[in-house]
There are 2 protein chains.
Amino acid sequence: MARRGAYAKGVAKREEILTAALEVIAREGYGRASVRELADSVGLSQAGLLHYFGTKEELFAAVLRKRDETDLARVEAGTADVSAFEGFRQTIGRNADVPGLIQLYVRLSAEATDPAHPAHAFFTERTRTFREFVAGDIRRMQADGTARTDIDADQAAMLILASADGLQVQWLMDPTIDMAEHVAVLLRLLEPPTTPADA
Amino acid sequence: MARRGAYAKGVAKREEILTAALEVIAREGYGRASVRELADSVGLSQAGLLHYFGTKEELFAAVLRKRDETDLARVEAGTADVSAFEGFRQTIGRNADVPGLIQLYVRLSAEATDPAHPAHAFFTERTRTFREFVAGDIRRMQADGTARTDIDADQAAMLILASADGLQVQWLMDPTIDMAEHVAVLLRLLEPPTTPADA
DNA sequence: GTCTATATTTCGATAGAC
DNA sequence: GTCTATCGAAATATAGAC
């Protein structure tokens, strides 16, 4: 199960770097997250850090990828009766505790809209996966009778994703707004008009 | 009515610069929109351009401000029976013809989430105004019976704005999606559950 | 694996002539 | 009002020693 020493050390160091990078971004903001700054935070020189990730953009994308994995693991570790909606709402609420993470996401995704950006593929794939996941959940809820059937599931999923993304920008501008609550409003709009009796 | 010569020329030149700046951003993307690049596009040196706007950020904010004015004037020039919703939807559809404008908006707003950013105030004020405008419209529609009354107007307005912002990012990643159509889905969710008879 | 040192580039801004 | 020239800062990436 254990990898060979040298290799395992490299993997562990990578993880350490990613964790420290997220911390410094959270603490000092995306603007100061130069490779040198991130290297300092983990006790490496700039060149030492780039030995692990090659480029700045790869490092940033790796930070987000790791965070996605963490989020996904947490949602999957939750009780099975938690809908994707609820897991989604919880994740948003948790992320609101990490301003730097949201800032990283918002700013990197904005830059990665350029097809030539190194993280472009990461974001398009991430969005596609997420959208399909949410759409599947909505279809199940439509079959259940717990979601409106007059709205296309794919379109609803797109709306939820887009709202969450947009709310993150709004929240960065004004951190007093409650992202999870606003998303909850949208989710409520997707409920069937006539309140179904429970069970 | 006409200003004095010299002053009018300065204003006209400013307008010319803003128009040309938007064109080059639209054509070559935000990433290449350095002051030097924008100056070239209008036949000025870098220093010559900065004579008019002082800093790069002021220039960018001015481009967006000008666009807002254009959009607002167009909406107001429309027939009076056009709701804010419809004007909103039309504006989104029109903006989809100008990728560089969306890119400018998405990337600059992401950067301006930093309170220290020169364009921060511009975006917060813009959002506040827009949100109040849309919320007022929703309240009127709720009184009309053309919008659900079980949703808070301010929250609905926030959702609409956030969705539009988020959809812009999605659209930059994949320009085949129809932003206006997706927003229309959200607007439909805000209609009263029981279809009201017309007139 | 990690560091020092540096190459290279790019950018925004300013000074000063015309 | 516009240009040339240049400053100064910052960043990424690379080369090569240890």
Side-chain angles (χ1 to χ4, degrees), chain A residues 3-21 24-25 28-63 103-104 107-108 110-112 114 116-120, chain B residues 3-21 24-25 28-63 103-104 107-108 110-112 114 116-120:
Chain A
R3 295 176 188 270
R4 276 208 316 262
Y7 195 52
K9 182 184 173 189
V11 170
K13 191 72 180 176
R14 258 183 76 105
E15 291 298 306
E16 184 192 336
I17 291 170
L18 293 179
T19 303
V24 72
I25 291 168
E28 307 195 24
Y30 180 89
R32 281 184 193 149
S34 66
V35 174
R36 188 164 268 116
E37 193 74 24
L38 298 177
D40 285 350
S41 80
V42 72
L44 278 179
S45 71
Q46 185 216 25
L49 193 158
L50 285 183
H51 167 71
Y52 289 94
F53 292 94
T55 72
K56 174 194 177 186
E57 310 295 351
E58 281 176 38
L59 168 59
F60 280 168
V63 170
Q103 205 180 23
L104 172 64
R107 296 192 52 170
L108 194 59
E111 290 168 14
D114 181 349
H117 192 283
H120 185 76
Chain B
R3 293 177 190 269
R4 276 207 318 262
Y7 195 53
K9 183 184 173 189
V11 171
K13 191 71 180 177
R14 257 183 77 104
E15 290 298 304
E16 183 192 336
I17 291 170
L18 293 179
T19 303
V24 72
I25 292 168
E28 306 195 25
Y30 180 90
R32 283 186 191 146
S34 66
V35 174
R36 198 163 257 118
E37 191 74 24
L38 298 176
D40 284 350
S41 80
V42 72
L44 279 179
S45 71
Q46 185 216 23
L49 193 158
L50 284 183
H51 167 71
Y52 289 95
F53 292 94
T55 71
K56 175 195 176 184
E57 311 295 351
E58 281 178 38
L59 168 59
F60 280 167
V63 170
Q103 204 181 22
L104 171 64
R107 296 192 53 171
L108 194 58
E111 290 168 13
D114 181 349
H117 192 283
H120 184 77

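Chain naming here is simple, since letters A, B, ... match the order of the sequence lines and numbering starts at 1 in each. Atoms considered below: every heavy atom in the structure, side chains included; atoms not considered: hydrogens, waters and symmetry mates.
- The structure places CD1 of Ile25(B) at 5.0 Å from CZ of Phe60(B), a figure rounded to the nearest 0.5 Å.
- Summarising the geometry, the separation between NE2 on His51(A) and P on dT4(C) is reported as 16 Å, rounded to the nearest angstrom.
- If you measure from atom CG of Leu50(B) to atom P of dC11(C), you get 13 Å, rounded to the nearest angstrom.
- As a whole-Å value, the separation of Lys56(B) NZ from dC11(C) C1' is 8 Å.
- Between the CD atom of Glu58(B) and the P atom of dA13(C) there is a distance of 9 Å, given to the nearest Å.
- Counting to the nearest Å, the P atom of dG1(D) and the CD1 atom of Ile17(B) are 10 Å from each other.
- Taking atom CG of Asp40(B) as the reference point, atom P of dC11(C) lies 11 Å away to the nearest angstrom.
- Here the straight-line distance linking atom NZ of Lys56(B) with atom CD of Gln46(B) works out to 11.0 Å at 0.5 Å rounding.
- Here the nucleotide nearest the side chain of Leu44(B), chosen from dG12(C), dC3(D), dC3(C), is dC3(D).
- Of the inter-residue distances, the one linking His51(A) atom NE2 with Arg14(A) atom CZ reads 10.5 Å to the nearest 0.5 angstrom.
- The side chain of Ala47(A) approaches dA5(C) more closely than any other nucleotide in the set dA5(C), dA13(D), dA13(C).
- Nearest nucleotide to the side chain of Ser34(A), out of dA13(D), dT12(D), dC3(D): dT12(D).
- Residue side chain Gln46(B) reaches the base of dA13(C) through a donor-acceptor N/O pair under 3.5 Å, judged by distance alone.
- Using a 4.5 Å cut-off on side-chain heavy atoms (C-beta onward), Phe53(B) and Val35(B) make no contact.
- The side chain of Ser45(B) lies closest to dC3(D), out of dA15(D), dC11(C), dC3(D).
- Taking atom CZ of residue Phe60(A) and atom C1' of nucleotide dA11(D), one finds them 12 Å apart after rounding to whole Å.
- Look at CZ on Phe53(A): it is 16 Å from C1' on dT12(D), rounded to the nearest Å.
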